[in-house]
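Worksheet: one structure, shown below.
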2 protein chains.
Amino acid sequence: MPLTEAGIYAAALRLIDADGVEALTMRKLATVLDANPMSLYHHVPNKEAVLRGVTRMVGSQFRTVTLENAPWQERIRLLATDFRTLAHRHPKLMAYSFSHQPDFIQREDPFLVALTAILDAAGVPLSKIPETAAVVCAVVTGVLTAELNGALHQWANIKPLIAPTADDNGSTNSDPDEERIFRLVLDTIITGLESRLTPDRDGQAAGR
Amino acid sequence: MPLTEAGIYAAALRLIDADGVEALTMRKLATVLDANPMSLYHHVPNKEAVLRGVTRMVGSQFRTVTLENAPWQERIRLLATDFRTLAHRHPKLMAYSFSHQPDFIQREDPFLVALTAILDAAGVPLSKIPETAAVVCAVVTGVLTAELNGALHQWANIKPLIAPTADDNGSTNSDPDEERIFRLVLDTIITGLESRLTPDRDGQAAGR
DNA sequence: ACCTGAACACCGTTCAAGT
DNA sequence: ACCTGAACACCGTTCAAGT
């Protein structure tokens, strides 16, 4: 099999999935592809480009069903959990991409297209869609980063110093923590967006 | 000046602030400290430990004023913006820490102590404080990560594909975008938390 | 206890040379 | 056009040796 850009990315993804981004090496990548390390440089300018390529490749794989008729809250929830599923399929890569590839989510990406459509359907004025989309992207990638690197788990299991917890019964917390907190974040942000969209009885304008 | 653990961390921080985490090298660190590269290993087990040490050092520097009598919404806003200020003082390090140091925010850290107190004052039941704190930590570090690596700026400036924007008047967006969106995220999450705390007239329990 | 030089096992990438 | 070997300029870390 001849060397191709796509083939290089695919092999890099396998290495990353297995051993993490920091273990990816041009030389290992060449070995896996049965090639000379220097041959790669005829298809790819450097290692950074490999990482960028793998990131865009996975990002463009994202698919989500569009429930045109469901309420926007449900649709955004589904979009976010679909995105979470993708993140869990390639956790090492996604943790890297979220922090190192600022253009990971681009205009044409299915995620952003779907998100834009949902926000529009929700009644977000067109001029506020970019900033609202940014809020959602930041929150979703943020909580996923924390979930993928273990921070979320740690935070959720910290016992507050406040009120030294007199009874420390032996039951340790049950562990599907991460998904619960992911949903909690989602619910919280959705509720927050809701009340920005429905001007409440105090007459506060939507989107102040 | 003799080599010390704290001195090593301080020098490492200067290098990171200047050139980024990926440019930090045990050998450069030694040069800056006027020492032999191998001397460092008598005070620090390895490079990873240096990064951990620098992270904890900066994390413990965090300070915030405690407005006991202000409403919890104001207090959490202040806490978050104080944290943002710290993040901007060492952007390269913090971007790294958020994604690579899951224990960056620990129980004894002033940030978490203050957050716990605020959530308690807000009326969050003690049993729900950890998960609520996790939500806030995830959202704040998430939006800061996106801000520090430029993703937030990109997202906020993407023109939706929807409705091809007939009039593209020359005025480019004015740029204090990041801070505005940071506040927007904060407002959204606070509003979301509020409605979780004040059971609304439909009788939905607080914290379902 | 602390420091150090040499060495090992790696990296990414350039470059001139091959087909 | 594509591949390749040798080489360069780096890494982190071990280890035996020094004081």
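Numbers restart at 1 for each chain; the letters A, B, ... are given by sequence-line order, proteins then strands.
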Parallel, tilted or perpendicular, as decided by the 30° and 60° cut-offs, for the rings of B/Phe111 and B/Phe83:
tilted
Which value, in whole Å, describes the distance between the C1' atoms of nucleotides C/dC11 and D/dA7?
14 Å
Rounding to 0.5 Å, atoms CZ (A/Arg75) and CZ (A/Arg77) come to a distance of 13.5 Å
Between A/Val58 and A/Tyr9, is any pair of side-chain heavy atoms under 4.5 Å apart?
no
May I ask you to decide if B/Phe98's main-chain N or O and A/Asn149's side chain share a donor-acceptor pair within less than 3.5 Å?
yes
Going by distance alone, is a donor N or O of one side chain under 3.5 Å from an acceptor N or O of the other, for A/Gln106 and A/Arg56?
yes
Check whether any side-chain heavy atom of A/Val50 lies under 4.5 Å from a side-chain heavy atom of A/Met26, and answer yes or no.
yes
Just the dot-bracket of DNA chain C, please: which string comes out with Watson-Crick or G-U pairs under 3.5 Å, [ ] for crossing, | for another strand?
||.|||||...|||||.||
Does the protein touch nucleotides 2-15 of chain D at the base, only the backbone, or not at all? Give it as B, S and - per nucleotide, heavy atoms under 4.0 Å.
BBBBBB---BBBB-
Do the side chains of B/Arg89 and B/Asp17 get close enough for a salt bridge, i.e. N-O under 4.0 angstrom?
no
Heavy-atom side-chain contact between A/Leu193 and A/Val124 under 4.5 Å
no
